[in-house]
Amino acid sequence: MFRFGVDYYPEHWPEARWETDARLMQEAGFNTVRLAEFAWSRLEPEPGRFDFDWLDRAIEVLHAHGIQVVLGTPTASPPPWVMAMFPDAYRVPESGLPATYGNRREYCPTHTGYRERSRLITQAMADHYADHPAVIGWQTDNEFGDRCHCEQCRAAFHTWLQRKYGSLDALNTAWGTIFWSHVYTDWAQIPAPLATAAPFGNGSHNPGLALDYYRFMSDTYVAFQHEQVDILRSTCPTHFITHNLMGAGYDRLDYFDLAADLDFVSWDNYRRMQWTFRPEVPPSEAALSHAVMRGLKQRNFWVMEQQAGSGGWQIVSVAPRPGELQLWAYQSIAHGADAIIFFRWRTAHFGTEQYWHGLLEHDGRTGRRYTEVKQMGAELARVGSQIAGSDVRAQTAILLDYDTRFAFQIQANNPAFHYTAHLHDIFQAFHRRNVTVDVVSPESDFAAYKLLIVPAQYVQSEATAAAIERFVKRGGIVLVTPRTGVKDETNTVVNMPLPGHLATVCGIEVEEYDSLPEGVSQPLAFDEGTAMVGRAPQARIWCDVLRVTQARVIARYTSDYYAGTPAVTANQYGAGHAIYAATFGDSELYDTLADWLLDLAGMEGGPETPEGVEWCVRWNGQERIIFVLNHTTEPKQVPLDGGYVDLLTHRVLASATLELRPHQVVMLAAERMPTGATGTSNGGAGRIAQPAQ
Ligand code: GLA
Ligand code: ZN
């Protein structure tokens, strides 16, 4: 069943309105509603006095309209009495200045008192709703994150370190504390990495200490969540458990770890927000977030908050244009969402989010946004069951590493370097070619893929390097980019030429490197005889100067003291190839590399579509559901290479060109399978070979 619905706050509205809301939801085709994730003060008005009557009544009204519910544990926003009970439970950000009451997420995830209150409210809700016919699952807390540096966290960090290192000797060696005489002789001396001690940024702390602290903090949230998960699993064994994560950009928690405890991942997909520098998240960035969210458990996900209107706390973002809400929601589905839950139902009159617009206006009117989503509900009523249960398949994977992300937060290496942006630069080249890309963790089995991209894996374990080596030896193609293999897991620089344990596989050694100032770039020249000769991408940000040990030179630098030396190399290793791109390049570099890598891996790109038009595939066994999405404000024409049926109308497309209106989404089924298609091939690559009869 495809889940379609909305985040609803019955506690914000008079009870007399609930019936109207539920009817309108049903008319929009909604079957699922998330409730209660910020309702702690109504659920437990004072310590130990629980009140579920109002929520029972709200659920009853919804259920009578065919709607089932996901309940949030309300621990992301404690009522004032909780914080009054534990004045030392306020989170202390890096600044060292404790949070005060008035927003949300002000709690310290280590605080034993807070954790007890969190278990008590979770247990009470679980007991009450375990057998409720309308309740299907749980969301833990809300958007976990934000590090705490309080004294309790520092003490818990000491315990975490003792378990990890066993002795102070081992810790001192691992971190290299002899530097600046930081040799610790008592666990209690070890600080939390506060800005007060590091006026020049986190990087002025010992990198080993800072990385361990970030890991510890991530583990702490995972442990906090685990206490809720434990309760929910044992009390409500038939319910699912999920959490709403924040996409590819969020880098304060190890999302692979956080997701491990969940049945599936959910995430909050906002395409246009008041605080994004650019007015809009481009489709490839949203696609990367979807890929990351899908990759956390290698399975489909939910969108627990899909944008329903202008975002806004202080500033109101540009209104979603007609068609955009459904375009963005269909994009989520195209990339693997099995549920679309819009945030939020009706725009609030009060509170911080007065201008975070829901489907309904402030006065409860059903306007343009509601009508659009209702239209989508009618479409999903026809095709939702076909979509649910289908999956996204890829032959290309990109490695995402949270240790590396944490380490780059400590030492950016170059101010213009951003790990997520680098991932996106590469991802975008494949996205433009309509090639589906999976996101994998360093611990994943890479064997399922033909092409593996290892972007700047700065902190690399020997085990991961060995797995990459095996992958290449057995015939895989790998692309490695600069700053890979620089550090071991203690965040210490390796005592060998870079890229460390991958130097042999890549057939090169980094002799030295040049960190470029902002705005400085130089063209690369591809060697004669390579397919890319004539293309001139730019090197930027970082240039490794290479010594070739085995590899073939593909492209060279053209200026500075390393002019003429290799910038892109390819090494045949076992049955595969390792490509080293020694600089962070512009989009032309990754475009050029993507074409070549797909070719090397024996893969085809997806069908060519005009700029701004996505072509995504979900598989149902051997059958494909194709989503063609026009992200532009212009009409677009997409050439078709075979016979397709419009999924909604069941009509065979008459023409060889698909005409798309601005923001239009079309769902297609292939009239027949391409010859030789296995169904396990890459979504984009599994293209139609047979024209319609
Ligand atoms: C997040 C939260 C929601 C809401 C929205 C809009 O995604 O999970 O509670 O605050 O942002 O601000
Ligand atoms: Zn704390």
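All of these numbers come straight from a predicted model, not from anything done at the bench. When a ligand or atom number is given, it counts from 1 through the structure's own listing order.
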- Phe30-His65 aromatic ring centre distance below 6.0 Å: no
- Counting heavy atoms only, name the option from Gln139, Arg105, Gln307, Glu305 that's nearest to atom 11 (O) of ligand 1. Glu305
- For this output row, return yes or no: ring centroids of Trp302 and Phe264 closer than 6.0 angstrom. yes
- Task: Evaluate the ring planes of Phe343 and Tyr270, with Trp represented by its six-membered ring, and classify them as parallel (under 30°), tilted (30 to 60°) or perpendicular (over 60°).
- Result: perpendicular
- Query: Taking the inter-plane angle between the rings of Phe144 and His243 on a 0 to 90° scale, is it parallel (under 30°), tilted (30 to 60°) or perpendicular (over 60°)?
  - Reply: parallel
- Do any nitrogen or oxygen atoms of Glu143 come within less than 3.5 Å of a nitrogen or oxygen of ligand 1? yes
- Going by heavy-atom distance to atom 9 (O) of ligand 1, choose the closest among Glu353, Glu37, Arg104, Arg344. Arg104
- Is the Phe4 to Phe342 ring centre distance short of 6.0 Å? yes
- Task: Within a distance under 4.0 Å of any heavy atom of Asn142, pick out the atoms of ligand 1 and give their elements.
- Result: 2 (C), 8 (O), 9 (O)
- Note on the structure: The side chain to side chain contact (heavy atoms under 4.5 Å, CB included) partner of Tyr370 among Glu27, Met25, Glu361 is Glu27
- Answer yes or no on whether Arg346 is positioned over the face of Trp13, meaning its NZ or CZ is under 6.0 Å from the six-membered ring centre and within 45° of the axis. yes
- Message: For Phe86 and His111, take the angle between the two ring planes, folded into 0 to 90°, and tell me which bin it lands in: parallel under 30, tilted 30 to 60, perpendicular over 60.
- Response: tilted
- Tyr114 and Phe224 aromatic ring geometry - parallel, tilted or perpendicular at 30°/60° bounds: parallel
- Item | Ring centres under 6.0 angstrom apart (Tyr90, Tyr107) | no
- Output the list of atoms in ligand 1 that are nearer than 4.0 Å to some heavy atom of Asp268, sorted by atom number. 7 (O), 8 (O)
- Task: Could you list the atoms of ligand 1 found under 4.0 angstrom from a heavy atom of Phe38?
- Result: 9 (O)
- Note on the structure: Taking only non-hydrogen atoms of Asn244 and a 4.0 Å limit, the atoms of ligand 1 in range are 8 (O)
- Message: Within ligand 1, which atoms have a heavy atom of Trp313 less than 4.0 Å away?
- Response: 12 (O)
- Task: With 2.8 Å as the limit, jot down which protein N, O or S atoms are around the Zn ion (ligand 2).
- Result: Cys108 SG, Cys148 SG, Cys150 SG, Cys153 SG
